[in-house]
Protein chains: 2
Amino acid sequence: MKKATIKDIAKAAGVSIATVSYILNDVKTQSISDETRVKVMKAAQQLKYVANRTAQSLKIKKTGLIGILLFQEQEGHYWSDFKYAKTVGKIEQICGQLGYHVIFMQVRSQLSDYKMIMERNLDGVFLINADQEQFGTISNYFGFGIPVFVIDSYIDDSLFHKIIPDFAQSFRACEAALGGRPEFLVTDAYNNEKLAGFIREQSGLEDERICVYDNPEQLNDFLSRFEGKPGIVINEFLALEVLKKTARIAAVCTCHCPQVLPGTVGRITFDLNDYQEIVHKMDRYIQDADYVDPEKFYYLSGTP
Amino acid sequence: MKKATIKDIAKAAGVSIATVSYILNDVKTQSISDETRVKVMKAAQQLKYVANRTAQSLKIKKTGLIGILLFQEQEGHYWSDFKYAKTVGKIEQICGQLGYHVIFMQVRSQLSDYKMIMERNLDGVFLINADQEQFGTISNYFGFGIPVFVIDSYIDDSLFHKIIPDFAQSFRACEAALGGRPEFLVTDAYNNEKLAGFIREQSGLEDERICVYDNPEQLNDFLSRFEGKPGIVINEFLALEVLKKTARIAAVCTCHCPQVLPGTVGRITFDLNDYQEIVHKMDRYIQDADYVDPEKFYYLSGTP
DNA sequence: TTGTATGCGTTATCAG
DNA sequence: CTGATAACGCATACAA
């Protein structure tokens, strides 16, 4: 049993291919008699016709495909796969509502990975946790006018829309939750060095008071210098580790999952629905080829 | 700056499009003079040519696209998005190594969702946590000869390859870890009723001793009947909840993330590398149209 | 060793 | 209102 094409429908309904296409696509500029319309629709149903998006894409030069490229950290922790799970899920959901399909890819800095964007003629791309270095070398593969949004990545290119959590505001919320100035900061690692620097800077803490998590021993060493003092942790899973040593912390829940933490610690969360606006924005770029967004920077604002 | 086609390369190199195609695809049955080969390769590089997989797909009738359809539970818990994050990540990784790209889709039982498989001409599909009901009604959209593997789903159709954790073995391991027979079982909900029944059955416990988690109150009520008794929990995140009440548990870590649990509880884990064999099997189906696998049932075997 | 021509399934332009 | 027909970018049988 082979897949039916519009040609098959045309034959079955005794009309031309063009007519079938008009009817299936509900082309407004063409007027079709009700008679042929039902005839064709019936045939389509009978033959269980489904459109061939591959052929369609080739013709109309739009694939309806959106890429989510998730940059993997070289040596990730156990929560690496959870870190952006909710983000990816949410973006996929919204894309789906808008009629797009999503190609999900984890990139391990292979050049071949990026080629996918061009090869598959994606309509838009989300890059998550992208590193400047590996990125810069291949950015000449982009620039073909498709919208690129970068999440948790500080890329030196004004073409891209940047989306990062509002750390400044989150830190203020943490301070409120702690009831005083934090004495230390423990943060999860990010591929993007500039983002990492930004976090450190926003915290307002000196470097000796900041720990970028690498392994349990290192964390323990660090924490032993702050017994009983209040501190901030970026990433709730990391906070889970920190809690083994000290309880006076507030956590910035960058993984959108405060539930893993006990209610006794201050938890700053971000609203996943913020992605609604972002994906819709991308949609607008896709629909309207020469739309330009005055706002290229999106902050996810945290709430306690 | 438009994308270059093989036609552009042909023109630039002064050869025919066929020749270009032969060279780019490294077609063995054609012998090409070194001279034209370098000429063409150079032109391709200069024009920054990337293949158009859409056109390719249309021609060769293979898209190189594999679908991962993740069935969402109607009312999920906070860990729903993590439940299959590692599985999806692993499958994508292996697919990537084999040269496939992955379309990731969460399905909320819309008929339109399944159509994607046909519309996009996927080469293969993984269905995760699929419910029999919603599934049966639309399975006639399948059967076009593409391999379908179902994960954590017990579908009444011998066409599909089924992959589920080896619960029987896991339960035995739990018993060993607990040092005695468990008195109760708390399990996460699954879309697939038959799988849920299978789990209950394999536990060998009476229904009164089994709790399918719905909400914290219900869990507390249940657990209060088993103060100080040993039990088993399916799903490590759920185990985190159970631990708030009782400590004598062993957990079957179906989310591949034992790390969220303290080392003091027995943890049964599964090896993500098992998916290697599975994805390679799918690849074989795709490559060799009439390959049949004698083994249609794959168990992921748990290890303490 | 290279080129010509056809078609994959669709959309869209132009005649009828 | 409907129908030929030319692309879209590529792979390949067949000719040269």
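Numbered from 1 within each chain, the chains take letters A, B, ... in sequence-line order. Everything quoted here is computed from the prediction, not taken from an experiment.
Comparing atom distances between the B:K61 side chain and each of D:dT12, C:dT4, C:dC8 picks out C:dC8 as nearest. With C:dT10, C:dT1, C:dC14 as the candidates, the nucleotide lying closest to the side chain of A:Q30 is C:dC14. For B:I60, whose side chain is taken as the heavy atoms from C-beta onward, the closest listed nucleotide among C:dT11, C:dC8, D:dA11 is D:dA11. Of the candidate nucleotides C:dT4, D:dC10, D:dC1, D:dC1 has the atom lying nearest to any side-chain atom of A:S31.
Distances shown here put a side-chain N or O of A:S33 below 4.0 Å from the OP1 or OP2 atom of D:dT2. For A:N52 and C:dC8, the shortest distance from a side-chain N or O to OP1 or OP2 is not below 4.0 Å. Contact between the side-chain N/O atoms of A:T5 and the OP1/OP2 oxygens of C:dC8 is not found at any separation under 4.0 Å. Distances shorter than 4.0 Å separate some side-chain N or O of A:N25 from OP1 or OP2 on C:dT11. Between B:S21 and the phosphate of D:dA11, there is a side-chain N or O to OP1/OP2 separation shorter than 4.0 Å. OP1 or OP2 of D:dC10 sits under 4.0 Å from a side-chain N or O of B:Y49.
Within a 6.0 Å radius of CZ in A:R108, more than 12 heavy atoms belonging to other residues, nucleotides or ligands are found. Within a 6.0 Å radius of NZ in B:K11, other residues, nucleotides and ligands contribute 12 heavy atoms or fewer. More than 12 heavy atoms of other residues, nucleotides or ligands shown are found within 6.0 angstrom of NZ on B:K296.
Applying the 3.5 Å distance criterion, the base of C:dG3 shares a donor-acceptor pair with the side chain of B:Y22. A donor-acceptor contact under 3.5 angstrom links the side-chain atoms of A:K59 to the base of C:dT11.
Heavy-atom distances to DNA chain C give each of A:A18 and B:A18 a nearest nucleotide, and the one nearer the 5′ end belongs to B:A18. Along DNA chain C, the nucleotide nearest B:L58 and the nucleotide nearest B:I23 are compared for position; the residue whose nucleotide lies closer to the 5' end is B:I23. Nearer the 5' end of DNA chain D, as judged by each residue's closest nucleotide, is the contact made by B:A55, out of B:T19 and B:A55.
Regarding B:D26, its CG atom lies at a distance of 14 Å from the P atom of C:dT1, rounded to whole Å. If you take CG of B:D34 and P of C:dT1, they are 9 Å apart, rounded to a whole angstrom. Atom NZ in A:K62 sits roughly 24 Å away from atom P in C:dG9 (whole-Å rounding).
Residues A:E73 and A:N129 have side chains that bring a donor and an acceptor to within less than 3.5 angstrom of each other. Residues B:D152 and B:N192 bring no donor and acceptor atom of their side chains to less than 3.5 Å of each other.
Contact annotation for A:I6: base contact, defined as any heavy-atom pair under 4.0 Å involving a base atom.
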